[in-house]
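For reference, the structure is listed below as structure tokens.
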Amino acid sequence: MKDHKDLDVWKYSMLLAEQIYGLTKDFPLDEKFGLVAQMKRSAVSVPSNIAEGAVRKGKKEFIQFLYIAMGSLSELETQLYLSYRLQFMDSIDEVMTLIEKIKQLLFGLIRYISKRDS
């Protein structure tokens, strides 16, 4: 398996985390320890779990960490919808497009690993 830094899904998830940090900087101050902190944790969790899974010995462990990354991505998606509904953001279209791309890449990597060496 490639180093996690060579994986497109890791690269895109790092970009997503950067975008979330940028998008949340103008949220209301009273959300600093609430929604903002949760969104940052969810965003950082995606590439972190991909990286951690990539260094595990077995493919089952790697797949488990990829599913954890998928869960964090779904959490972030929900938090973005809530932010939009609370009118903390004008649009979430661009970031949602990136999330969909990452989901596709995660599912593709899970399929690839599952079929490899079977």
Side-chain angles (χ1 to χ4, degrees):
M1 176 55 60
K2 295 179 178 180
D3 183 87
H4 66 276
K5 293 182 293 297
D6 295 326
L7 296 170
D8 286 343
V9 68
W10 182 83
K11 293 175 186 176
Y12 281 111
S13 62
M14 289 291 286
L15 177 62
L16 175 65
E18 290 173 30
Q19 285 187 0
I20 294 303
Y21 270 74
L23 289 170
T24 57
K25 70 178 175 18
D26 293 327
F27 275 36
L29 287 178
D30 61 338
E31 287 298 333
K32 181 178 181 183
F33 299 108
L35 193 55
V36 171
Q38 187 63 39
M39 289 173 73
K40 288 179 177 180
R41 274 193 300 274
S42 297
V44 169
S45 178
V46 178
S48 297
N49 278 291
I50 294 166
E52 187 172 352
V55 299
R56 297 296 175 137
K57 297 229 183 269
K59 70 180 186 178
K60 282 186 179 182
E61 280 184 292
F62 191 8
I63 290 170
Q64 179 182 356
F65 278 92
L66 293 175
Y67 277 117
I68 293 168
M70 187 71 74
S72 295
L73 200 57
S74 293
E75 285 180 34
L76 180 58
E77 186 176 39
T78 298
Q79 294 152 3
L80 283 162
Y81 278 118
L82 179 58
S83 299
Y84 180 72
R85 291 173 72 151
L86 293 171
Q87 299 178 343
F88 296 160
M89 303 174 74
D90 294 330
S91 174
I92 57 173
D93 295 341
E94 185 178 324
V95 71
M96 286 302 179
T97 299
L98 182 55
I99 286 174
E100 285 305 314
K101 178 157 189 71
I102 294 168
K103 280 183 182 181
Q104 290 172 354
L105 289 169
L106 278 170
F107 279 128
L109 184 55
I110 290 166
R111 277 192 308 274
Y112 171 77
I113 294 168
S114 297
K115 291 179 182 178
R116 187 184 68 176
D117 303 329
S118 296

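Numbering starts at 1 and runs along the sequence shown. Remember, predicted model here, so these are calculated numbers, not experimental data.
A continuous path of ILVMFWY side-chain contacts below 4.5 Å connects Leu7 to Met70, so both sit in one hydrophobic cluster. Under the 4.5 Å side-chain heavy-atom criterion for grouping Ile, Leu, Val, Met, Phe, Trp and Tyr, Val55 is not connected to Ile63 through any hydrophobic cluster. Note on Met14: it clusters hydrophobically with Leu66, by side-chain heavy-atom contacts below 4.5 Å among ILVMFWY residues. Under the 4.5 Å side-chain contact rule for hydrophobic residues, Met89 and Leu73 share a cluster.
Rounding to the nearest 0.5 Å places OG of Ser72 at 10.0 Å from CG of Leu106. Here CD of Gln38 is found 14.0 Å from CZ of Phe33. Values are rounded to the nearest 0.5 Å. If you take CD1 on Ile99 and CG on Leu16, they are separated by 5.5 Å, rounding to the nearest 0.5 Å. In this structure, CG on Leu15 lies 10.0 Å from CD1 on Ile20, to the nearest 0.5 angstrom. Separation of atoms OH (Tyr67) and CZ (Phe62) is listed at 12.5 Å; rounding is to 0.5 Å. Put simply, CD1 on Ile110 and NZ on Lys115 are 12.5 Å apart, with the number rounded to the nearest 0.5 Å.
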Test log, rule side-chain contact (heavy atoms from CB on, under 4.5 Å), inputs Leu109 and Leu105: CA-CA 6 Å; Leu109 184 55; Leu105 289 169; over 6 Å; no
side-chain contact (heavy atoms from CB on, under 4.5 Å) evaluation trace for Phe65 with Ile50: CA-CA 6 Å; Phe65 278 92; Ile50 294 166; over 6 Å; no
Verdict with reasoning, Gln79 to Ser42, per side-chain contact (heavy atoms from CB on, under 4.5 Å): CA-CA 9 Å; Gln79 294 152 3; Ser42 297; 3.2 Å; yes
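Between the side chain of Lys40 and the backbone N or O of Tyr21, no donor-acceptor pair lies under 3.5 Å. Formation of a donor-acceptor pair under 3.5 Å by the Ser48 side chain with backbone atoms of Val44 is found in this model.
Between Ile92 and Tyr81 there is a side-chain heavy-atom pair separated by less than 4.5 Å. By the 4.5 Å heavy-atom criterion applied to side chains, Leu23 and Phe88 are not counted as neighbours. Between Val9 and Val46, the closest side-chain pair of non-hydrogen atoms is not below 4.5 Å. In this structure the side chain of Met39 reaches within 4.5 angstrom of the side chain of Ser83, judged on heavy atoms. Proximity of Leu82 to Leu86: side-chain heavy atoms (C-beta onward) are separated by under 4.5 Å at one or more points. Within the 4.5 Å cutoff, no side-chain heavy atoms of Thr97 are placed close to those of Glu94.
Relative to the ring axis of Phe27, Lys32 does not place its NZ or CZ within 45° and under 6.0 Å from the centre.
In Asp30, the CG atom is crowded: over 12 heavy atoms of neighbouring residues, nucleotides or ligands sit closer than 6.0 Å.
With salt bridges taken as basic N to acidic carboxylate O contacts below 4.0 Å, one links Lys103 and Glu77. A salt bridge does not link Glu61 to Lys57: none of the charged side-chain nitrogens sits closer than 4.0 Å to a carboxylate oxygen.
Annotation for His4 and Ala51: closest pair CD2-CB, 3.4 Å, computed over non-hydrogen atoms.
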